[in-house]
Amino acid sequence: MSPANSSLFKRIFSTVEAKLILAWLIVLVVTIGLDPGRTYLNNPGSTAELIVRNTVFLGFFALGSAVIIISGGIDLSSGSVIALSATVFSSLLMLVDPEGFRAGEIQTWVVVVSILGTLLAGAMVGTLNAWLITSVGLPPFIATLATMVGLRSFGRGLVLAVTGNRSQIDFPDLALRDSLKDVTTVAIVFLVFAVLLWFLMSRTVIGRHLHAMGGNEAAARLSGIRTDRLKWLAYVIGSVSAAMVGIVYFADQGSAKPDILARGYELNAIAAAVIGGCALSGGVGTIPGTVLGCLFLRTVIDAVNKIVGTGADVYEGMIVGIVVVLAVTFSQRGAVLARRTFFSTPIGWASVPILSLLAGLACVLFFREKPWFHPAYPFLCGILVGGLLVVRGALEMRRTQ
């Protein structure tokens, strides 16, 4: 391989996108090897549809979160915006055409008006977040934490007022419901949305200014960039993308129940953006990376469901946490990763038995009902993980001496 080709090869595989594609392929191969039902080989169509569906649903509001994170902010309210948007959409359907809603035959113009009203509500939430941050002066974490709590409560009150003290609104039109949650249609809309955001962030002056503001807001302001308007744009994009998911989720779930709908989803959106290469310090990240981050995260969760079997969804939060830590750690450049000391410090040595214990317990939780499980396996797993970490710590000490 010539030096030029070698340099091109290194540049390609140094990108987050290439690493995510490689990691995704590894997950597929490992899942095929460990899945007792060989689902990927026996039912490739249904498996692909499930992964695409979950990736697209997550991708909408993850892309919105990515724009906010790149601009230097954070949004904790996207899950509540989804719940509120589903409530607003269902309430508009009920209020604009009560006869059609009761009969389960909602007219097309009512659906269009309700969708536009829901997206407008999302834009209003984004504007509220931007106002709290730019005019009131609240940190983004505090401002969106307040709206996260407040919007869900507001949605519950709205449902009670519209339905006369019921806690949820059911979707009455089955044909419309099937249309709104159709995987192909939703995937096409998502691809168009992703391409538009990619163009905005990588091919326009606004996108460059958003990156510059996230990297150094003070310098961006001194150079003449109107940062308040950029923040408004970022938070409106984030909230409108979550509002789009609220409409789809109402159709997918069959009801709008704001007290439980999309609870905790904001953390999944932030996790997908971080896995896709977005830095929480701002200024770094891409739209294609975030899309691949969503695909990788949902594939890992699907793989665990297939390998572990019944009850695997209980461990979804733990899986997301582990994937985020590993993705951020290994996304660092090779030289930085090689110099970093993980286990040769007192805190590192104290973490070795903790991580070994967690590895053994995870082995029990994941595989205790498998026919091949033996009580000795958790101990062997813990000893193996502990041994590898001790070796890593010893090598780090030798390097720093």
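Only heavy atoms go into these numbers, but all of them, side chains included; no hydrogens, no water, no symmetry mates. No experiment lies behind these values; they were computed from the predicted model shown.
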If you look only at pairs with a residue in residues 113-165, which of them pass as a ring pair (Phe, Tyr, Trp, His ring centres under 6.0 Å), with sequence neighbours excluded? none

Under the criterion side chain to side chain contact (heavy atoms under 4.5 Å, CB included), which of Val183, Val186, Thr47 is the partner of Val52? Val183

Can you confirm whether more than 12 heavy atoms, excluding those of Met124, are under 6.0 Å from its CE atom? no

Show me the donor-acceptor pairs within less than 3.5 Å that the side chains of residues 348-366 make with the rest of the protein, sequence neighbours left out.
residue : atom : partner : partner atom : Å
Ser351  : OG   : Ile347  : O            : 2.9
Ser356  : OG   : Val352  : O            : 2.8
Ser356  : OG   : Gly386  : N            : 3.3

Does any donor atom in the side chain of Asn268 or Glu266 lie under 3.5 Å from an acceptor atom in the other side chain? no

Looking at every heavy atom in both Val67 and Leu210, which two are closest together, and how far apart are they? CG1-CD1, 4.4 Å

With sequence neighbours excluded, give me every salt bridge (charged side-chain N to carboxylate O under 4.0 Å, His left out) pair touching residues 206-218. Glu217-Arg221, Glu217-Lys231

Examine the side chains of Asn129 and Thr147 and answer whether a donor and an acceptor come within less than 3.5 Å of each other. yes

I need the Thr227 OG1 to Ile133 CD1 distance, nearest 0.5 Å. 11.5 Å

Could you give all pairs that pass the salt bridge (charged side-chain N to carboxylate O under 4.0 Å, His left out) test and reach residues 44-63, with sequence neighbours left out? Arg53-Asp252

Can you tell me which residue pairs pass the ring pair (Phe, Tyr, Trp, His ring centres under 6.0 Å) test with a partner in residues 160-204, sequence neighbours excluded? Phe60-Phe190, Phe60-Phe193, Phe171-Phe250

Can you pull the ring pair (Phe, Tyr, Trp, His ring centres under 6.0 Å) pairs that have at least one residue in residues 264-283, sequence neighbours excluded? Tyr249-Tyr265

Return each pair, listed once, that meets ring pair (Phe, Tyr, Trp, His ring centres under 6.0 Å) where at least one residue sits in residues 210-236; pairs must be two or more places apart or across chains. none

Give the ring-plane orientation class for Phe373 versus Tyr377, where under 30° counts as parallel, over 60° as perpendicular and anything between as tilted. perpendicular

How would you list all residue pairs meeting salt bridge (charged side-chain N to carboxylate O under 4.0 Å, His left out) that involve residues 278-305, not counting sequence neighbours? Arg298-Glu316, Asp302-Lys306

Between Gln253 and Leu261, is there a donor-acceptor pair closer than 3.5 Å when you use the side chain of the first and the backbone of the second? no

Could you give the side-chain donor-acceptor pairs of residues 23-37 under 3.5 Å, partners two or more places apart or in another chain?
residue : atom : partner : partner atom : Å
Trp24   : NE1  : Thr299  : OG1          : 2.9
Thr31   : OG1  : Val27   : O            : 2.6
Asp35   : OD1  : Gly37   : N            : 3.0
Asp35   : OD2  : Arg38   : N            : 3.4
Asp35   : OD2  : Thr39   : N            : 2.7
Asp35   : OD2  : Thr39   : OG1          : 2.7

By side-chain hydrogen bond (donor to acceptor under 3.5 Å, both in side chains), Asp259 pairs with (sequence neighbours left out) Lys257

For Arg102, all residues meeting side chain to side chain contact (heavy atoms under 4.5 Å, CB included), sequence neighbours excluded: Pro98, Glu99

Which atom pairs, one a donor and one an acceptor, fall under 3.5 Å between side chains of residues 277-297 and the rest of the protein, sequence neighbours left out?
residue : atom : partner : partner atom : Å
Thr286  : OG1  : Glu17   : OE2          : 2.7
Thr286  : OG1  : Gly289  : N            : 3.0
Thr290  : OG1  : Thr286  : O            : 2.9

Under 4.5 Å between any side-chain heavy atoms of Leu176 and Glu105, yes or no? no

